[in-house]
Amino acid sequence: MFVHPGVYLSNELINHERIHTAQQREMLFVFFYLAYVVEWLIRLCMRGNAYRNISFEREAHSNQRNLSYLSSRPHYAWVRYMRRRRLHDRH
């Protein structure tokens with residue numbers, strides 16, 4: 001993880017990035033980035049914040065405070081976050 005000097009790395013931020021690493025590994029890195037960009041482009045045409053609505057980001061944001069999440073995370077858990085957000089799911 002590369003960060004600008006002086007940036008505080010909280011446990012939650014580190015966990016968020018570790019969730020992304022798990023996503024990348026299971027998609028062999030290249031396919032993660034391809035899927036990420038394609039989903040972002042699709043979500044640009046939808047209502048709301050395209051970045052925050054990407055399934056990979058939704059999984060990471062939803063679970064970044066659960067520091068034991070990765071120990072029980074099922075493979076391809078981000079797929080559950082692909083559906084359109086419901087009102088009560090919004091951050």
If I take atom [atom1] from residue [X] and atom [atom2] from residue [Y], how far apart are they, to the nearest 0.5 angstrom?
X: Ser68; Y: Asn15; atom1: OG; atom2: CG; answer: 8.5 Å
X: Leu44; Y: Glu39; atom1: CG; atom2: CD; answer: 11.0 Å
X: Arg43; Y: Ser55; atom1: CZ; atom2: OG; answer: 6.5 Å
X: Phe32; Y: Leu34; atom1: CZ; atom2: CG; answer: 11.0 Å
X: Gln64; Y: Glu17; atom1: CD; atom2: CD; answer: 9.0 Å
X: Arg18; Y: Asn63; atom1: CZ; atom2: CG; answer: 15.0 Å

(message) Between Leu70 and Leu67, is there shared hydrophobic-cluster membership here, with clusters defined by ILVMFWY side-chain heavy atoms closer than 4.5 Å?
(response) no
(message) Between Ile19 and Met82, is there shared hydrophobic-cluster membership here, with clusters defined by ILVMFWY side-chain heavy atoms closer than 4.5 Å?
(response) no
When the side chains of residues 22-30 are checked against the rest of the protein, which donor-acceptor pairs come out under 3.5 Å, sequence neighbours left out?
residue, atom, partner, partner atom, Å
Gln23, OE1, His20, ND1, 2.8
Gln23, NE2, Phe56, O, 3.1
Gln23, NE2, Glu59, OE1, 2.7
Gln24, NE2, Tyr33, OH, 3.1
Glu26, OE1, Arg73, NH1, 3.1
Glu26, OE1, Tyr76, N, 3.0
Glu26, OE2, Arg73, NH2, 2.8
Glu26, OE2, Tyr76, N, 3.2
Glu26, OE2, Trp78, NE1, 3.2

(request) Ignoring hydrogens and angles, state whether a donor on the side chain of Tyr81 or Asn53 is under 3.5 Å from an acceptor on the partner side chain. (result) no
(message) Can you see whether Glu57 engages Tyr36 through a side-chain donor-acceptor pair at a distance of less than 3.5 angstrom?
(response) yes
(message) Quick check: do Pro74 and Arg80 have side-chain heavy atoms less than 4.5 Å from each other?
(response) yes
(request) Flag the pair Arg58 / Arg52 as yes when at least one side-chain heavy-atom distance between them is below 4.5 Å, and no otherwise. (result) no
(request) Check which hydrophobic residues are tied to Val7 through side-chain heavy-atom contacts below 4.5 Å, counting indirect links as well, and list them. (result) Met1, Val3, Leu9, Leu13, Ile14
